[in-house]
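Contents: one structure, followed by commentary.
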Amino acid sequence: MTQPEYLAAPPRDPGGAWDAALYLKFKRERSQPARDLAARVQGSARRVVDLGCGPGVSTAMLAERFPEAEVVGVDHSESMLDEARRRLPQARFECADIADWTPAAPFDLIFANDSLQWLPDHDRLFGRLINFLSPGGTLAVQMPDNRQEPSHALMRLIAADGPWADRLVPIAKTRAVIATHVDYHAWLKPHCDAVDIWQTTYMHPMQGVDAIVEWFRGAALTPYFHRLDSAERAEFLDRYRRGLAEAYDTDPDGAVLFLYPRLFIHARKKAARQQIERGAAE
């Protein structure tokens, strides 16, 4: 199968710009998908890795879920890892880019919540991650599927329509587009005896569009802001706020109904015997 068109991944921590405190401002909303994903993981695990662990919220969940396991958190942002180490001093954290990450030994669970969407070439990436699992191990992934949502469409529109276009359009074009459910199933099924894929749309009632801005100031807006001066940043945000106010509905109490679709993948690698039988058949 031909893969969708993936573009080079954007800078995920420009100049160390990820803000752990801002990211954690919406801890409850951000952590719910990780909890929902972890709830689908069955059985035990001796070695667990949290890829793109950020400030360690999901890593703490995994440590609680698998108290006897060795739990490792991996992230490229030192500022996020500082918060993760403060939060969970008993866990081991590594500063590494997921795209280049190669473990010394296989894991029983590879957990990637809200991280793989930043990387290109998912047809190769997912096969690589499966190879890092023990036989019978689990790959559990959650990715925002919001590129066509107003929150992100507006970022691209404003980036292309302003004095900053030559600086921001390349960023708008470089976020990898996640693939379809059918693509992920096709890439994983040859290596796995079970592949479950589903989508959930979360609705977050937010106290005004400024809350949505704050949500993305700690994540998706960061690469844009890194290339704008203070006056340009203010103009970009003013246009972004006005666009959000027009795009989202409100409830009777005035809360903005912020919709956030997310794609979930739970795949179990074939056991050693199945792999041997498959190799013999080929």
Side-chain angles (χ1 to χ4, degrees), residues 12-13 18-96 98 101 103-118 126 129-130 132-144 192 194-204 215 218-219 260 262-269 271:
R12 299 191 296 287
D13 189 20
W18 285 132
D19 186 328
L22 194 55
Y23 188 90
L24 288 168
K25 187 172 182 178
F26 301 98
K27 176 184 172 182
R28 181 179 65 83
E29 293 86 352
R30 290 187 184 278
S31 63
Q32 188 59 55
R35 292 187 183 280
D36 294 343
L37 180 62
R40 290 294 289 265
V41 178
Q42 302 298 315
S44 61
R46 291 176 298 174
R47 300 192 74 234
V48 175
V49 63
D50 185 9
L51 289 184
C53 64
V57 176
S58 52
T59 319
M61 291 180 198
L62 295 171
E64 181 179 354
R65 171 73 172 75
F66 301 101
E68 304 301 321
E70 175 192 4
V71 178
V72 180
V74 176
D75 204 277
H76 66 283
S77 170
E78 286 290 3
S79 62
M80 289 290 195
L81 289 174
D82 287 344
E83 173 62 24
R85 292 183 180 109
R86 185 199 65 76
R87 179 184 301 276
L88 202 65
Q90 69 272 30
R92 179 162 60 89
F93 292 95
E94 301 175 2
C95 186
I98 300 172
W101 174 76
F107 282 88
D108 302 308
L109 171 61
I110 295 177
F111 192 89
N113 179 68
D114 204 354
S115 58
L116 300 188
Q117 73 274 8
W118 294 105
F126 275 69
L129 295 178
I130 289 293
F132 297 149
L133 284 171
S134 305
T138 297
L139 174 66
V141 175
Q142 182 274 123
M143 297 179 288
C192 301
V195 179
D196 295 318
I197 301 174
W198 69 99
Q199 186 184 64
T200 299
T201 297
Y202 295 83
M203 186 175 71
H204 304 298
W215 179 295
Y260 208 115
R262 296 177 181 271
L263 182 71
F264 292 80
I265 300 171
H266 177 277
R268 186 175 66 239
K269 185 176 181 178

Going through the checks in order, is the side-chain contact (heavy atoms from CB on, under 4.5 Å) test met by L51 and F132? CA-CA 12 Å; L51 289 184; F132 297 149; over 6 Å; no

Keeping R262 on the side-chain end and Q142 on the backbone end, is there a donor-acceptor pair under 3.5 Å? no

Taking side chain as C-beta onward, heavy atoms only, is T200 less than 4.5 Å from P33? no

When you look at Y202 and E29, which way does the side-chain contact (heavy atoms from CB on, under 4.5 Å) test go after all the steps? CA-CA 9 Å; Y202 295 83; E29 293 86 352; over 6 Å; no

Shortest non-hydrogen contact between F66 and V71, atoms and distance: O-CG2, 4.5 Å

Rounded to the nearest 0.5 Å, how far apart are CG of L139 and CG of L116? 7.5 Å

Check the pair L88 / F93 against side-chain contact (heavy atoms from CB on, under 4.5 Å), numbers first and verdict last. CA-CA 9 Å; L88 202 65; F93 292 95; 4.2 Å; yes

Applying side-chain contact (heavy atoms from CB on, under 4.5 Å) to I98 and H76, what does each step give before you reach the verdict? CA-CA 8 Å; I98 300 172; H76 66 283; over 6 Å; no

Would the distance check show the side chain of T59 and the main-chain N or O of D50 forming a donor-acceptor pair, the cut-off being under 3.5 Å? no

Distance-only donor-acceptor check, side chains S58 and N113, under 3.5 Å: no

Nearest heavy atoms of S115 and G52, plus distance in Å: CB-CA, 3.8 Å

Is the backbone N or O of A105 less than 3.5 Å from a side-chain atom of R47, with the two atoms forming a donor-acceptor pair by type? yes

I need the minimum non-hydrogen distance between E70 and R92, along with the two atoms involved. OE2-NH2, 2.8 Å

Straight-line distance of R87 CZ to M80 CE, nearest 0.5 Å: 10.5 Å

Does K269 reach the main-chain N or O of G137 with its side chain, forming a donor-acceptor pair under 3.5 Å? no

Look at the aromatic rings of W198 and F264 and report parallel, tilted or perpendicular, splitting at 30° and 60°. parallel

Can you establish whether the number of heavy atoms outside Q199 located under 6.0 Å from its atom CD is more than 12? yes

Mind listing the closest non-hydrogen atom pair of L109 and L62 along with its distance? CD2-CD2, 4.1 Å

Are E94 and W101 close enough that some pair of their side-chain heavy atoms sits under 4.5 Å apart? yes

Contact summary for D75 and L81, nearest pair of heavy atoms: O-CD1, 3.6 Å

Spatial distance of atom CG (D196) from atom CZ (R268) [nearest 0.5 Å]: 8.5 Å

Using side-chain heavy atoms (C-beta onward) and a distance below 4.5 Å, is W215 in contact with H204? yes

Are the side chain of Q32 and the backbone N or O of R30 linked by a donor-acceptor pair below 3.5 Å? no

From R46 CZ over to D108 CG, what is the distance, rounded to the nearest 0.5 angstrom? 5.5 Å

Report yes if some heavy atom in the side chain of V74 is under 4.5 Å from a heavy atom in the side chain of C53; otherwise report no. no

Please report the closest heavy-atom contact between E83 and P55, naming both atoms and the distance. CG-CB, 3.6 Å

